[in-house]
Amino acid sequence: MDKFRMMFQFLQANQESFMNGICGIMALASAQLYSSFEFTCPCLPEYNLAYGLGILLIPAVWFFILGFVLNNNISMVTEEWRRPAGARRKEPRVLRYMLCSMTQRALIAPSVWIAVSLMHGESLLCACSAAADLRRFFNRSRAAPPERELARLLARIPCENVFDGHELISREAASRYIRCMSQACGWTFLLIVTLVAFMVRGIRPCFTQAVFLKSKYWSHYIDTERRLFDETCREHAKSFAKVCIQQYFESISGEMVVKHNDEETHTNEEEKLLGIREKEDMNRVLWNWHTCKPPLHLHKRGKEESMSEHSSIHAHSNDCHSHKSIKNGYKI
């Protein structure tokens, strides 16, 4: 249990490793789900093809969508794409890099499902038994039945307990033939997926190394900035709630005898408020962060210029939204 907790904390600290772990779990889940899934072919020429292809493709699409749902970056990409440009322009290359990265991870589980399905051969056997050319397995000493009866007979090949045409065709030989074709398709699919993954992961950075590094860096920056902003908001909300509750009890009880430790804690919480002590001010800060993010250039803050930079932040906020400046001031 302790090892599992340590592994979970490591994955949680490293976003990329965490998402790789999620994708690996989904891939194992897809293989386990197929092994526990009871495949029941309808053995009817009208439904075999739809059922076989549906079992092959619909769970793969479901795993693909689930890969996006479980990825925390999908909301971050959407927010970054939909936000107003403000003082910070949006980078389409970074958004494309993040979307491609999420797509690559989301494709792992569907690829495993399709590969496992093709290796087992049941879905392709059900889908193609009525449409495949199986004349080489016919008993030439027997006359072939009408077209409709033949299609119905071939559709029963996946169902051993209802197949009744052993005199006309060897069911075992036909099943082996379709399963071999399915396994060949499975290995071909794995080879194609591996080559495409190699080209995307290995060859692409060689041609666009500078662009690749920049996109990777700023995607990490956007993710880190969002997490730090959420942590800062969480800390501010916690401190705001503590100070609000303390002031409430002070107003109810009148005079309170506060111990030295409580005074230090109260001072700590006051510092974490960063000068924002009203609901309207906090709402304005959050609105400005969404609509007018600060530009990405950093300055060395000195004691002499701290006041001028503080006032420039207020001027920048007013230029973006023409709101009234915050009374107590804030820093972003």
Side-chain angles (χ1 to χ4, degrees), residues 6-28 63-112 189-234 288-301 309 312-313 316 320 331-332:
M6 291 175 59
M7 183 180 67
F8 180 75
Q9 291 175 353
F10 170 76
L11 293 176
Q12 197 172 25
N14 191 332
Q15 181 72 13
E16 187 172 358
S17 298
F18 179 73
M19 293 315 305
N20 290 337
I22 290 292
C23 294
I25 292 173
M26 286 182 59
L28 293 176
F63 275 114
F64 180 70
I65 298 174
L66 188 63
F68 280 102
V69 171
L70 295 179
N71 198 317
N72 295 328
N73 292 335
I74 185 64
S75 58
M76 180 174 60
V77 172
T78 307
E79 292 173 5
E80 185 68 16
W81 176 58
R82 291 292 299 170
R83 73 170 176 85
R88 184 190 302 180
R89 64 187 181 91
K90 292 182 280 188
E91 295 288 345
R93 289 179 179 176
V94 177
L95 296 179
R96 283 198 300 268
Y97 171 82
M98 297 174 69
L99 187 62
C100 290
S101 179
M102 288 188 295
T103 305
Q104 291 172 21
R105 291 187 175 95
L107 283 172
I108 295 177
S111 301
V112 172
F189 174 78
L190 283 178
L191 179 61
I192 293 174
V193 169
T194 306
L195 288 176
V196 171
F198 170 75
M199 293 177 65
V200 171
R201 302 282 293 181
I203 298 179
R204 186 187 65 176
C206 298
F207 292 99
T208 57
Q209 182 67 19
V211 176
F212 177 76
L213 290 176
K214 287 191 291 185
S215 301
K216 188 175 182 179
Y217 173 85
W218 289 115
S219 68
H220 288 316
Y221 173 83
I222 293 173
D223 180 36
T224 305
E225 183 187 60
R226 185 192 184 191
R227 286 191 288 107
L228 291 178
F229 184 79
D230 290 342
E231 291 173 7
T232 305
C233 289
R234 192 180 300 111
N288 290 344
W289 178 260
H290 171 69
T291 58
C292 191
K293 286 190 177 181
L296 294 175
H297 57 265
L298 306 179
H299 303 280
K300 292 183 179 179
R301 294 183 176 273
E309 289 188 7
S312 68
I313 293 176
H316 169 69
C320 290
K331 297 179 183 178
I332 297 179

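Quick note: residue numbers are just sequence positions, from 1.
- In this view, Arg93 satisfies the side-chain hydrogen bond (donor to acceptor under 3.5 Å, both in side chains) rule with no residue, not counting sequence neighbours.
- Met102 and Ile74 get closest at one heavy-atom pair: SD-N, 3.4 Å.
- Distance check, rounded to the nearest 0.5 Å: CE of Met199 to OG1 of Thr194 gives 13.0 Å.
- For Phe68, the ring pair (Phe, Tyr, Trp, His ring centres under 6.0 Å) partners two or more places apart in sequence, or in a different chain, are Phe64.
- The distance from atom CD1 of Ile222 to atom CZ of Arg226, rounded to the nearest 0.5 Å, is 11.0 Å.
- The stretch residues 65-78 participates, sequence neighbours left out, in no salt bridge (Lys or Arg N to Asp or Glu O under 4.0 Å) pair at all.
- Rounded to the nearest 0.5 angstrom, Asn71 CG and Leu66 CG are separated by 11.0 Å.
- A search for ring pair (Phe, Tyr, Trp, His ring centres under 6.0 Å) contacts involving Tyr221 returns Trp218, not counting sequence neighbours.
- With sequence neighbours excluded, the residues forming a side-chain contact (heavy atoms from CB on, under 4.5 Å) with Leu195 are Leu191, listed by chain and number.
- Evaluation of the side-chain contact (heavy atoms from CB on, under 4.5 Å) rule for Leu213 yields Gln209 as partners, not counting sequence neighbours.
- With sequence neighbours left out, the salt bridge (charged side-chain N to carboxylate O under 4.0 Å, His left out) criterion links Arg96 to no other residue.
- Applying the side-chain hydrogen bond (donor to acceptor under 3.5 Å, both in side chains) test to Ser101 and every residue at least two apart in sequence or in another chain returns Arg105.
- Considering only residues two or more places apart in sequence or on other chains, Phe189 meets the side-chain contact (heavy atoms from CB on, under 4.5 Å) condition with Ser111, Ile114, Ala115, Leu118, Val193.
- In this structure Glu225 satisfies the salt bridge (charged side-chain N to carboxylate O under 4.0 Å, His left out) test together with Arg88, Lys293, sequence neighbours excluded.
- Qualifying side-chain contact (heavy atoms from CB on, under 4.5 Å) partners for Arg89, counting only residues two or more places apart in sequence or in other chains: Glu91.
- The CG atom of Asn73 sits 12.0 Å away from atom CD of Glu80, with the distance rounded to the nearest 0.5 Å.
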